[in-house]
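The block underneath contains the structure these notes are about, expressed in structure tokens.
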Amino acid sequence: MAETPRTLRLSLKTRFLLAAHSFGIRAASRSDHTVNRSVLNIFDPKAAASAKPINGVSSFDNTIDPTRNLWFRLYAPTSTATTDALPVIIFFHGGGFAFMAANSKSFDVLCRRLAREINAVVISINYRLAPEYKYPCQYEDGFDALNYIDGMTFENFPANLDLGRCFIAGDSAGGNLAHHVVLKACEHTFSNIKIKGLIAMQPFFGGEERTESEIKLVGVPLISVEGTDWMWKAFLPEGSDRNHSVVNVFGPNAVDISGVKFPATLLFVGGFDPLQDWQKRYHEGLKKSGKEVHLVEYPNAFHGFYCLPESPEFSLLIGEVKSFVQKQSSLT
């Protein structure tokens, strides 16, 4: 159960950025569960790929399927010797399955820093969004991206990739997506990819029940019960409720994963995130299923804190991810 949190103290700049983002999401979210993309784009600035290194990281975009707007942005650290083989982090962005993109500025900054400080190649996937494309389109795009990357040749890439040290990561809705893509990948034989771990940053899970954290944490940045209800409604097929197995993954309609060879999971939870009780249930569900899971809690972190580099927990998260990648990469 959620503990009563302390007062959340944020700088004026951070409060302004969060307020602007929240306003944009609300303004773009129609009552019929559609999205005004023109309004949303005003509040979701994009960053271009840059072959010229920015802060020691180069990037470029690669199209997988133009008919689905399925593509990725690859980030490679340029300070590493070209002979060094680097682990690969395949990243799925958040945004409630309905908002944001792989080239959203906040995610570009995050992926660039992950690549530089972890010394890894980061591949950020752009997938279809709800409500124009409902479940299971996002999961299909995620898995198809893995298959595409598995079959690619990398001779002309800016760094050597070691797909035998592959990590699937995601934040918020991307964390949910990462879980389900990994689950499907466990049943598939890849030519080159070997998934060494799952990195779930405040994953977006839920259910019909109202948890203590959802009830108590009202008025916190970015997330509200009304907002998440809207997102699930926009994402799920008509007639489904929040106890759908992809939402409430260890709920009444859960799929038994005890027999699945699921990789080790690194799970981040924030004390000011209304979704934290669902994330902790995810932690317990993985443990009860016999899976290795490492829970990292930041009592003063709000949902999406990692998209603001000035957040004090940002550097802590980077350090945890780096240690996890190094540890899991060393295992045979």
Side-chain angles (χ1 to χ4, degrees), residues 17-18 20-22 24-25 27-28 35-78 88-118 120-133 137-142 144-146 148-149 152 157-159 161 167-178 181 199 201 204 222 231 304-309 314 318:
L17 290 172
L18 293 173
H21 180 81
S22 297
I25 295 294
V35 176
N36 186 326
R37 298 287 172 196
S38 297
V39 170
L40 181 65
N41 287 337
I42 298 172
F43 297 91
D44 181 21
K46 302 299 195 296
S50 177
K52 181 179 179 180
I54 299 175
N55 295 328
V57 176
S58 64
S59 61
F60 70 88
D61 296 339
N62 187 89
T63 299
I64 299 174
D65 183 350
T67 67
R68 289 188 274 172
N69 195 28
L70 180 59
W71 55 273
F72 65 73
R73 177 165 294 178
L74 184 145
Y75 300 85
T78 55
V88 177
I89 299 174
I90 296 176
F91 180 81
F92 296 101
H93 69 81
F97 294 109
F99 309 104
M100 313 298 283
N103 58 346
S104 292
K105 189 172 181 179
S106 56
F107 290 119
D108 185 76
V109 171
L110 172 62
C111 290
R112 193 175 297 280
R113 186 165 175 182
L114 285 170
R116 181 179 70 250
E117 299 199 21
I118 296 171
V121 170
V122 176
I123 302 177
S124 182
I125 309 298
N126 195 78
Y127 53 87
R128 287 173 291 179
L129 298 175
E132 294 89 343
Y133 300 96
C137 293
Q138 294 75 13
Y139 302 126
E140 293 170 347
D141 288 354
D144 288 349
L146 250 67
Y148 181 90
I149 293 166
M152 285 187 71
F157 277 34
L161 288 76
F167 295 80
I168 311 300
D171 81 289
S172 194
N176 176 304
L177 178 50
V181 167
I199 302 166
M201 305 175 184
F204 186 26
L222 297 182
M231 292 170 185
F305 70 90
Y306 35 78
C307 287
L308 294 170
F314 188 101
I318 293 287

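Shown here are the ring-ring contact (aromatic ring centres under 6.0 Å, His included) partners of F204, two or more places apart in sequence or in another chain: W232. In this view, S124 satisfies the side-chain hydrogen bond (donor to acceptor under 3.5 Å, both in side chains) rule with no residue, not counting sequence neighbours. Taking F91 as the reference, nothing meets the ring-ring contact (aromatic ring centres under 6.0 Å, His included) condition, with sequence neighbours excluded. Listed by chain and residue number, L70, F72, A145, Y148 satisfy the side-chain contact (heavy atoms from CB on, under 4.5 Å) test with I64 (two or more places apart in sequence, or in another chain). In this view, Y133 satisfies the side-chain hydrogen bond (donor to acceptor under 3.5 Å, both in side chains) rule with no residue, not counting sequence neighbours. Residues passing the salt bridge (charged side-chain N to carboxylate O under 4.0 Å, His left out) test with R113 are E117, sequence neighbours excluded. For D61, the side-chain hydrogen bond (donor to acceptor under 3.5 Å, both in side chains) test picks out R73, with sequence neighbours left out. With sequence neighbours left out, the salt bridge (charged side-chain N to carboxylate O under 4.0 Å, His left out) criterion links R112 to D108. Applying the side-chain hydrogen bond (donor to acceptor under 3.5 Å, both in side chains) rule to R128 yields the partners D141; only residues at least two apart in sequence or on another chain are considered.
Of the inter-residue distances, the one linking M100 atom CE with I25 atom CD1 reads 7.0 Å to the nearest 0.5 angstrom. Atom CZ of F305 and atom CG of L18 lie 12.5 Å apart (nearest 0.5 Å).
Here the closest non-hydrogen pair linking G95 and A173 is N-CB, 4.3 Å. What you find for G170 and A178 is that their closest heavy atoms are N-CB, 4.1 Å. Between T78 and V57 the shortest heavy-atom distance is OG1-N, 4.0 Å. Heavy atoms only, all atoms of each residue included: Y75 and A115 are closest at CB-CB, 3.9 Å. Considering every non-hydrogen atom in both L129 and F99, the closest pair reads CD2-O, 4.0 Å. Shown here for S106 and C307, the closest heavy-atom pair between the two residues is CB-CB, 4.0 Å.
Of the possible donor and acceptor atoms, none in the side chain of N126 sits under 3.5 Å from a partner among the backbone N and O of W71.
The shortest side-chain heavy-atom distance between L161 and I149 does not fall under the 4.5 Å cut-off.
Applying the salt bridge (charged side-chain N to carboxylate O under 4.0 Å, His left out) rule to pairs touching residues 90-105 yields nothing, sequence neighbours excluded.
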Enumerate donor-acceptor pairs with a distance under 3.5 Å from any side-chain N or O in residues 39-47 to protein atoms, sequence neighbours excluded.
from	atom 1	to	atom 2	distance (Å)
N41	ND2	R37	O	3.2
D44	OD1	S104	OG	2.8
D44	OD2	K46	NZ	3.0
D44	OD2	S104	OG	3.1
K46	NZ	D44	O	3.2

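In the model, N176 has a side-chain atom that pairs as donor or acceptor with a side-chain atom of Y139 under 3.5 Å.
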